[in-house]
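I'd like to ask some things about the structure below.
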Amino acid sequence: MNNDRIQGNWKQLTGKIKAKWGDLTDDDLTQAEGNTEYLVGKVQERYGIARDEAQRQVNEFERTL
C-alpha cells in the first residue's frame with residue numbers, strides 16, 4: 001500500500017496500527033495522520049528500537065494491508 005492510500009484510509013488503519021503497536025497513543029496517531037515517517041519515529045521512540053528496525057516493522061505492516 002502506498003503513502004497516498006495510507007493517508008486516504010488513515011482512520012480505518014488506526015485500529016490495526018493500535019493492535020500492532022499498543023503503546024502508541026491516540027495523540028500519536030492523530031499527529032501522524034498518514035505520515036509514515038512520523039509513524040516510524042513514534043514506533044522507534046515508544047519501543048526503544050533502532051530506526052532501521054522501526055522502519056522494517058512499518059514496511060512489513062504496510063505489506064500486510
Side-chain angles (χ1 to χ4, degrees):
M1 182 174 271
N2 65 29
N3 282 341
D4 291 336
R5 288 186 61 201
I6 288 172
Q7 289 174 347
N9 295 316
W10 187 251
K11 292 203 186 298
Q12 293 87 355
L13 292 175
T14 56
K16 291 181 181 182
I17 292 169
K18 287 168 79 174
K20 178 148 179 81
W21 296 290
D23 288 347
L24 295 177
T25 66
D26 288 335
D27 287 340
D28 292 336
L29 298 177
T30 299
Q31 290 178 353
E33 280 294 327
N35 181 336
T36 55
E37 286 301 312
Y38 185 87
L39 180 60
V40 168
K42 281 298 171 182
V43 169
Q44 176 188 13
E45 177 184 322
R46 295 279 186 230
Y47 290 91
I49 58 177
R51 181 141 183 105
D52 291 346
E53 175 59 18
Q55 183 70 57
R56 187 196 65 73
Q57 289 182 19
V58 170
N59 289 345
E60 181 180 308
F61 174 77
E62 288 176 352
R63 281 192 298 275
T64 65
L65 298 176

Open item on the list: Membership question, hydrophobic clusters at under 4.5 Å side-chain separation (ILVMFWY): are I17 and L65 in the same one?
Closed with: yes
TODO: Taking side chain to side chain donor-acceptor pair (under 3.5 Å) as the test, write out the residues that go with D26, two or more places apart.
DONE: K18
Task: side-chain contact (heavy atoms from CB on, under 4.5 Å) partners of R46, counting only residues at least two apart - done: D23, L24, T25, D28, K42
Task: Those residues that, when tested against E37, pass side-chain contact (heavy atoms from CB on, under 4.5 Å) (two or more places apart) - done: N35, R51, Q55
Task: Gap separating the CG atom of N9 from the OG1 atom of T14, nearest 0.5 angstrom - done: 11.0 Å
TODO: Go through the structure and list residues passing side chain to side chain donor-acceptor pair (under 3.5 Å) with T36, not counting sequence neighbours.
DONE: N3
Task: Which residues share a side chain to side chain donor-acceptor pair (under 3.5 Å) with Q12, sequence neighbours left out - done: none
Open item on the list: Is any side-chain heavy atom of K16 closer than 4.5 Å to one of F61?
Closed with: yes
Task: Q57: partners by side-chain contact (heavy atoms from CB on, under 4.5 Å), with sequence neighbours left out - done: W21, V43, I49, E53
Task: Inter-residue atom distance L13.CG - K11.NZ, 0.5 Å rounding - done: 11.5 Å
- [ ] Over all heavy atoms of both residues, which pair between W10 and L29 is shortest? Give the atoms and the distance, please.
- [x] NE1-O, 3.1 Å
Open item on the list: Test of understanding: with side chain to side chain donor-acceptor pair (under 3.5 Å), list the residues that count as partners of Y47, not counting sequence neighbours.
Closed with: none
